[in-house]
Protein chains: 2
Amino acid sequence: MSKRGRPRDFDYTSIVDVAMKTFWSKGYNGCSTHDLCSDTGLGKGSLYNTFGSKQELYLAVVEHYHETGIREQRALLESPGSVKERLQNFLAWALVEDFESTNPKGCLLINAGLERAKDDPKIEEIVTRHVELLKQTMEIVMEEGLRTGEISKKRSAVDLASLFLSSYYGFRVLNTSTQNRTLAEQIMNGTMESIFGA
Amino acid sequence: MSKRGRPRDFDYTSIVDVAMKTFWSKGYNGCSTHDLCSDTGLGKGSLYNTFGSKQELYLAVVEHYHETGIREQRALLESPGSVKERLQNFLAWALVEDFESTNPKGCLLINAGLERAKDDPKIEEIVTRHVELLKQTMEIVMEEGLRTGEISKKRSAVDLASLFLSSYYGFRVLNTSTQNRTLAEQIMNGTMESIFGA
DNA sequence: TTATTTTTGTAACGATCGGTACAAAAGTTA
DNA sequence: TAACTTTTGTACCGATCGTTACAAAAATAA
């Protein structure tokens, strides 16, 4: 009783995945529904029948990016190994994303936050949620570092996590905007040393 | 011999200033030449006769933002007072920009870098130049802090400046995207403590 | 088979896009 | 004044925007 009518001949999430890259590299206002159709291979009928509008497709894309992203980031931060290794790996992962990935460079969530959060409350909500989850995870990692003695107890876990969070986002923005690898490595050094001391 | 013909009845830089706010709040792709005309009060004839194209006007706008911005930032960082006070004032200035200014919220240079640097080499050049000048200024401030003993000599001026730079840009992005003042204050605390210790 | 439901591709919608054409307007120079 | 130069506002250009209409296609249900 569940599926009458012509079945769709594409996979929902793999279309979202393709559209993600289109929005990621061109921006919301910078790409057209024609771009989305030709990249995904869908006709306009299918695209609008499935997603409703450009805005709703963008929402599904950003939500998808958030979900896969937070999973990946948590995996890196909660992996076995020392706290120092984990934070180092986290920044190294971002470095690859910004300089060597086959995906569009930079962070789609930052782009979405800056371009659309002001106009689309649902986008702002996803970005806020993502940042809070990431910060929470960083706080847990900092607490562990304080407990084990890897990090000196001069600063609170909240202060440490807030610093690491903002430095991470600045890292992403500067990498994307200037593509300056030397600067990227200096930021990695400066950030790691500010947490683990000299 | 220099000015024959009908004189223009507007001031170039004040038009750039108005257009700046239009691009700032709507983005490059998010605003139309019609928006620019109605905000500036210019007709299309005048706008195109003066600036040539939307792209060239945007370039003039971003260059203008860079020039006034770097002057203001340097003034804050090179003002009299302790290094700690100056860095604190710098972040406090950014906080006002992101939460209380009558200008559009956030940093136009970040928006330009993320939206246009990839497609317009001249935009990337301005952003890169701005970041380098700002980082240079921060390095000088950190050197002073190291010299006077305000900052412990465990880390180099380059590491300290790189950290402050990235944390500053992350601060701006998170403020703009999430408008979370509590988070903003935690980042300010975390950043200041990471430089001056606890 | 026939009726029903959903997806598909295509054609088209009105609106708006960035940019241009051009003549009237308003000055300077001679 | 007459000749010249530049700016101004407006009308308009072809292209593209996001979206919709709709009939053919392809499945299930009766």
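Letters A, B, ... mirror the listed sequences (proteins, then strands); counts begin at 1. Quick note: numbers below take in every heavy atom, side chains included, and nothing from hydrogens, waters or symmetry partners.
- Using a 4.0 Å cut-off between charged nitrogen and carboxylate oxygen, B/E67 and B/R71 do not count as a salt-bridge pair.
- Listed nucleotides: C/dA25, C/dT8, C/dG19. Nearest to the side chain of B/R6: C/dA25.
- Remark: B/S46 is in phosphate contact with D/dT8, judged by side-chain N or O atoms under 4.0 Å from OP1 or OP2.
- Across all strands shown, A/C31 has heavy atoms under 4.0 Å from sugar-phosphate atoms exclusively, and none from any base.
- A/K44 contributes no side-chain N or O that forms a donor-acceptor pair with the base of C/dG9 under 3.5 Å.
- Between B/N29 atom CG and C/dG18 atom C1' there is a gap of 12 Å when expressed in whole angstrom units.
- Side chain of A/R8, nearest nucleotide from D/dT19, D/dA27, C/dT8: C/dT8.
- For A/Q55 and D/dG18, the CD to C1' distance is 12 Å, given to the nearest whole Å.
- One side chain, A/W93 or A/E72, offers a donor N or O that lies under 3.5 Å from an acceptor on the other.
- Rounding to whole angstrom units, CD of residue B/E56 and P of C/dG18 are separated by 15 Å.
- Taking atom CG of residue B/D35 and atom P of nucleotide C/dG18, one finds them 8 Å apart after rounding to whole Å.
- One finds a salt bridge joining B/R181 and B/E100 here, because a Lys/Arg side-chain nitrogen approaches an Asp/Glu carboxylate oxygen to under 4.0 Å.
- We find that CG of B/L47 is positioned 13 Å from C1' of C/dT20, with the value rounded to whole Å.
- Here B/K135 pairs with B/E139 in a salt bridge; the nearest charged N to carboxylate O distance falls below 4.0 Å.
- What separates CG of B/D9 from P of C/dA24 is a distance of 20 Å, to the nearest Å.
- Under the 3.5 Å distance criterion, with hydrogens and angles disregarded, a donor-acceptor pair is assigned to the side chains of A/D39 and A/T22.
- Closest approach to the B/H34 side chain among C/dG9, D/dG9, C/dC17 is made by C/dC17 (side chain taken as heavy atoms from C-beta onward).
- Mapping A/G45 and A/S32 onto DNA chain D by nearest heavy atom places A/S32 at the nucleotide closer to the 5' end.
- For the 3.5 Å distance criterion, the side chains of A/T128 and A/E125 fail to qualify, holding no donor opposite an acceptor.
- The shortest distance between the side-chain N/O atoms of B/S53 and the OP1/OP2 oxygens of C/dG18 is not below 4.0 Å.
- Atom pair A/Y48:OH and C/dT7:P shows a separation of 17 Å (rounding to whole Å applied).
- When the C1' atom of C/dG9 is taken as reference, atom CZ of A/F10 falls 13 Å away, rounded to whole Å.
- For A/K54, taking side-chain heavy atoms from C-beta onward, the closest of the listed nucleotides C/dG18, D/dC4, D/dT19 is D/dT19.
- The nearest heavy atom of DNA chain D to B/G5 and to B/G41 marks one nucleotide each, and the one closer to the 5' end goes with B/G5.
- Checking D/dT8, D/dT10, D/dC4 against every side-chain atom of B/R4, the shortest atom distance belongs to D/dC4.
- With C/dG18, C/dT8, D/dC17 as the choices, the nucleotide that has an atom nearest any side-chain atom of A/N49 turns out to be C/dT8.
- No engagement by A/F51 is indicated, since no non-hydrogen atom pair under 4.0 Å with the nucleic acid exists.
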